[in-house]
There are 2 protein chains.
Amino acid sequence: MVRTKDPVVRTLLIERAAQMLRTREPVTLRAIVAGTGVSTMAVYTYFGGMDGLWQATRQEGFTRLAAKLKAAPQTADPVRDLAALGAAYLSNALANPDLYRVMFDAGFELGDPAAADETLHCLVRDIDRAKAIGRFRRDVDSLALATQSWAIGHGLVSLVSTGPLPRQALDHGAPMLTALFTSCGDDPDTCRRSVELGWHPEPGRETAPVDQPPPANT
Amino acid sequence: MVRTKDPVVRTLLIERAAQMLRTREPVTLRAIVAGTGVSTMAVYTYFGGMDGLWQATRQEGFTRLAAKLKAAPQTADPVRDLAALGAAYLSNALANPDLYRVMFDAGFELGDPAAADETLHCLVRDIDRAKAIGRFRRDVDSLALATQSWAIGHGLVSLVSTGPLPRQALDHGAPMLTALFTSCGDDPDTCRRSVELGWHPEPGRETAPVDQPPPANT
DNA sequence: TGCCTGAACATAGCATCGCTATGTATTGTG
DNA sequence: CACAATACATAGCGATGCTATGTTCAGGCA
């Protein structure tokens, strides 16, 4: 029994909520605290209620996404790196589909809005690099292009993860990004090759970077 | 009190659920039947439970979308018409944001999958027209391009309607569609003009085709 | 040392949720 | 006109999120 308000209990509850989200169990107050040894009151002292828990879970989703994007490879080809960011985005969303859904569910505000901005900044940085080396025109609005790339990734993964499209539809990402980047001034063939390189993770690295085991035994 | 299993009660319940969705009230069984004079059992005799009601509501969302897309103007310029379909898609989603969210929420299957396919078919038809008149290359996969256009629209409207992006971010749709269609062989400048024409509804027609009044007084 | 205050937690209970078992009224049919 | 079937209302069950109240322990002070 921990006396001081330790972050141990806090992360314990968040991870338990994420786990129940992952295993498709109904995430209820009583079910969350059932296996932890703490009482229902802990959720209220730590998060102020279920909404606070959802908000914290949402934050956790953005944190994991930021970590995934930060771990994306950085090469001399910014267009390739942009495609790699897109692939990492989709990979993260598919690895944590329920966390991803919570991230973009309405009704809850984000505790720290900087987490979402940081996501966009990763894209903006590579876009600026592409402009610097002449791949993209200098009059390209970096933030706008980053937003458009985000919309492509989000649209694809939403329609696939919890929507009507099959998983194979994610392959549309490469030609879509190629079309978008080409419209920013990149040479079509060069762009296509760069995007293909970044989009498909090279064999040898982690091809299925799931940070939690699939729910096989539960 | 209707004796025979009339569709009147059925649509009454669906519209009541949609209304409560729209006004952000918590959509509960008891709240739905509160003002209608029918009992909670009606939901079970008509829909088999709340899941059935959600499914029917989802179907209603697709039906409205199909109607909106069918009402989109048809001109001699198929690329313009494609952009108009995209604009109609966004317009419908913004006019019924909660219905739209239910449409793509996981956990519920669609009663009639043809409704979703019909949506895509509207796009495919105009894409085929564009191929027929030489705007798009003949080797373009119509279904793939339709899916990609759908992903763009869905991604944009998801991030705006219930997400972190401001409404103004919808303007990204035009350059994104232009980039996509240009990659299919259309001339960049011609494509941009066509998309602009279809994207922005001409003044004089209905510019805000909301089929329900905005919740101003509630 | 002994007590006292306040924070951190457990316990019990409330209003409400979705859902179902049961009762009641109406319609069609012989 | 009696009977079966259907459509609906009522009451209640288990479970939910949440809160009011009780209980335990850390740490300051005489």
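Residue numbering restarts at 1 for every chain, and letters A, B, ... go by the order of the sequence lines. Side-chain atoms are counted along with the backbone in the values below, which use heavy atoms only and exclude waters and symmetry mates. No experiment lies behind these values; they were computed from the predicted model shown.
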Options D:dA9, C:dA10, C:dC19, nucleotide nearest the side-chain atoms of B:Val38: D:dA9
Output the rounded distance in Å from CG (A:Asp51) to P (D:dT16). 17 Å
To the nearest angstrom, how far is B:Ile32 atom CD1 from D:dA9 atom C1'? 18 Å
According to the interplanar angle, ranging from 0 to 90°, do the rings of B:Phe104 and B:Trp150 count as parallel (below 30°), tilted (30 to 60°) or perpendicular (above 60°)? tilted
Expressed in angstrom and rounded to an integer, what is the separation of A:Trp54 atom CH2 from D:dC18 atom P? 11 Å
Atom CG of A:Leu53 to atom C1' of D:dG17: distance rounded to whole Å? 12 Å
Does a side-chain N or O of B:Tyr44 approach OP1 or OP2 of C:dC19 to a distance below 4.0 Å, or not? yes
Under 4.0 Å, counting only non-hydrogen atoms across every strand here, what does B:Val43 touch: a base, just sugar-phosphate, or nothing? nothing
Closest nucleotide among C:dT11, D:dC8, D:dG17 to the A:Thr40 side chain: C:dT11
DNA chain D: A:Gly49 or B:Ser39, which has the more 5' nearest nucleotide? B:Ser39
Could you check whether B:Val27 gets within reach of a base, just the sugar-phosphate, or nothing at all, counting any heavy atom under 4.0 Å? sugar-phosphate
Side chain to side chain, A:Leu145 and A:Cys184, heavy atoms closer than 4.5 Å: yes
To the nearest 0.5 Å, tell me how far B:Glu196 CD sits from B:Leu177 CG. 10.5 Å
Starting at atom CZ of B:Phe47, determine the distance to atom P of D:dA7, rounded to an integer number of angstrom. 14 Å
Are A:Lys70 and A:Glu118 within salt-bridge range, i.e. N to O under 4.0 Å? yes
B:Arg10 CZ to D:dC8 P: how many Å, rounded? 14 Å
With the side chain defined as heavy atoms from C-beta on, A:Thr28 is closest, among D:dA9, D:dG17, C:dC19, to D:dG17
Indicate, with a heavy-atom threshold strictly under 4.0 Å, whether A:Gly48 touches base, sugar-phosphate, or nothing. nothing
Where the side chain of B:Leu29 is defined as all heavy atoms beyond and including C-beta, which of C:dT20, C:dG18, C:dA12 is the nearest nucleotide? C:dG18
Hey, which sits more toward the 5' end of DNA chain C by its nearest nucleotide, A:Arg30 or A:Met41? A:Met41
Looking only at heavy atoms, what is the nearest atom pair of B:Met50 and B:Val27, with distance? CE-O, 4.0 Å
